[in-house]
Amino acid sequence: MSEASPSGAKPGVDIPADCALQAEALRFAYPGRAATFDDISLAIRPREIVCLLGGSGCGKSTLLRVLAGLQAPSSGVISFLGAPLTEPSPRSALVFQQASLLPWLTVAGNVGFGLDFARQPAIERAAHAQRVRQAIAAVGLAGSERRYPAALSGGMAQRVALARALARQPELLFADEPFSALDAITRAEMQSLLVEVVHQWHSAVLLVTHDIDEAILVADRIVLMGGQPGRIVREWQVDLPHPRLAHAAAIGALRVEILAALLGERAGT
Ligand SMILES: Nc1ncnc2c1ncn2[C@@H]1O[C@H](COP(=O)(O)OP(=O)(O)OP(=O)(O)O)[C@@H](O)[C@H]1O
Ligand SMILES: [Mg+2]
């Protein structure tokens, strides 16, 4: 592991061609409120898993929504796949803490649902069915296609939510604490599954979490957000091979370092 130099280039610097997403000098304020975050620059490379860590209320979810095009920044620019981002892209997908499945649709219906959105490129029926089948298999739910959400455990529902996102074959997956409502064992399973499937699917990921262990287990790079307004205060490159649990000593040392930085941030605000 090594501490990376902050990845954000200064405004005016050309966007590197090898970035999936590049944000420059982002500022965001809710109406009538002081800025939630300011001067945030962040680049995500293709296939890179970036975890955004930070204390509660520091603006992680707001930043994720802005980077996903769900909310416009107050200032700053975002480029996604080389083009300015002004609305959510069909080449990205989102997963949240709650699976938010439609109760009247089956597992397959829920997974296929996102493929029919207006901005999603039209695909033929056979390709549609194949994508749904592959995504369900990737999350380990083959055979459960006809089940309804009411008959699924929380972990299974979150697998369906992940499959729904994967079926869109996103270049970038945004995930906001997707596993925080799950029990420890299911969460660990989902963390491994996430790494496995995004490697298979060649997607980049921006994962918001306040779980240091989760960040260390899945991330290629950990970005720590803190301060008021929120800024990126530190980054770590995590070079350990997967599965990470085999590297307990290195994980322990990094965990202590990140925890100290997080506590230092909170003490300073
Ligand atoms: N719709 C809103 N209108 C006004 N203020 C908001 C809104 N949503 C969030 N905030 C405020 O913006 C700040 C950042 O919130 P945000 O949800 O982005 O934090 P977070 O880092 O994701 O927190 P957590 O870890 O608890 O999920 C908080 O002070 C919050 O109260
Ligand atoms: Mg949040």
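Ligands are counted one by one from 1 in listed order, and the atoms in each one are counted from 1 as well. Keep in mind that this is a model prediction, so the values were computed, not measured.
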Legend entry - 4.5 Å side-chain heavy-atom contact, Arg187 and Asp211: yes
Legend entry - atom 12 (O) of ligand 1: nearest protein contact (heavy atom, Å): Tyr30 CE1, 3.4 Å
Inset, instruction - Over all heavy atoms of both residues, which pair between Phe28 and Pro73 is shortest? Give the atoms and the distance, please. - result: CD1-CA, 4.2 Å
Legend entry - Ion pair Asp18/Arg45, N-O distance below 4.0 Å: no
Legend entry - Short N/O/S contact of Ser61 with the Mg ion (ligand 2) (below 2.8 Å): yes
Inset, instruction - State, with a plain yes or no, whether a side-chain heavy atom of Thr62 is found less than 4.5 Å away from one of Arg65. - result: yes
Inset, instruction - Report yes if some heavy atom in the side chain of Pro178 is under 4.5 Å from a heavy atom in the side chain of Leu207; otherwise report no. - result: yes
Inset, instruction - For Glu177, counting its heavy atoms only, list the atoms of ligand 1 lying under 4.0 Å from any of them. - result: 25 (O), 27 (O)
Inset, instruction - Using a strict 4.0 Å threshold on nitrogen-to-oxygen distance, state whether Glu48 and Arg221 make a salt bridge. - result: yes
Legend entry - Minimum-distance protein heavy atom relative to atom 5 (N) of ligand 1: Arg33 NH1, 3.1 Å
Legend entry - Shortest protein contact, atom 17 (O) of ligand 1 (heavy atom only): Ser61 CB, 3.8 Å
Inset, instruction - Return yes or no for this condition: an N or O of Gly54 is under 3.5 Å from an N or O of ligand 1. - result: no
Inset, instruction - Taking the side chain as every heavy atom from C-beta outward, state whether Val139 and Val160 have any pair of such atoms under 4.5 Å apart. - result: no
Legend entry - Any Gly59 heavy atom less than 4.0 Å to ligand 1: yes
Inset, instruction - Taking the side chain as every heavy atom from C-beta outward, state whether Pro149 and Asn110 have any pair of such atoms under 4.5 Å apart. - result: yes
Legend entry - Minimum-distance protein heavy atom relative to atom 26 (O) of ligand 1: Ser56 OG, 2.5 Å
Inset, instruction - Give a yes/no verdict on whether any heavy atom in Gly230 is under 4.0 Å from an atom of ligand 1. - result: no
Legend entry - Arg231 CZ to Leu26 CG distance, which is reported to the nearest 0.5 Å: 12.5 Å
Legend entry - Interfacing atoms of ligand 1 (cut-off 4.0 Å, heavy-atom, His210): 25 (O)
Legend entry - Taking atom 25 (O) of ligand 1 as the reference point, the nearest protein heavy atom with its distance: Lys60 NZ, 2.7 Å
Inset, instruction - Find out whether His247 and Pro241 are in side-chain contact, i.e. whether some heavy atom of one side chain is under 4.5 Å from a heavy atom of the other. - result: yes
Inset, instruction - Pick one of side chain, backbone, both or neither for how Thr36 approaches ligand 1, counting any non-hydrogen atom pair under 4.0 Å. - result: side chain
Legend entry - Heavy-atom protein neighbour under 4.0 angstrom from atom 30 (C) of ligand 1: no
Legend entry - Met225 touching ligand 1 at heavy-atom level, < 4.0 angstrom: no
Inset, instruction - Run the numbers for me: atoms of ligand 1, each under 4.0 Å from some heavy atom of Gly55, listed by number. - result: 21 (O)
Legend entry - Where Asp220 and Gln237 come nearest, the two heavy atoms and their spacing: O-NE2, 3.3 Å
Legend entry - Residue and atom name of the nearest protein heavy atom (relative to atom 14 (C) of ligand 1), distance in Å to one decimal: Gly57 O, 3.4 Å
Legend entry - Candidate with minimal heavy-atom separation from atom 18 (O) of ligand 1, of Val208, Asp176, Thr62: Thr62
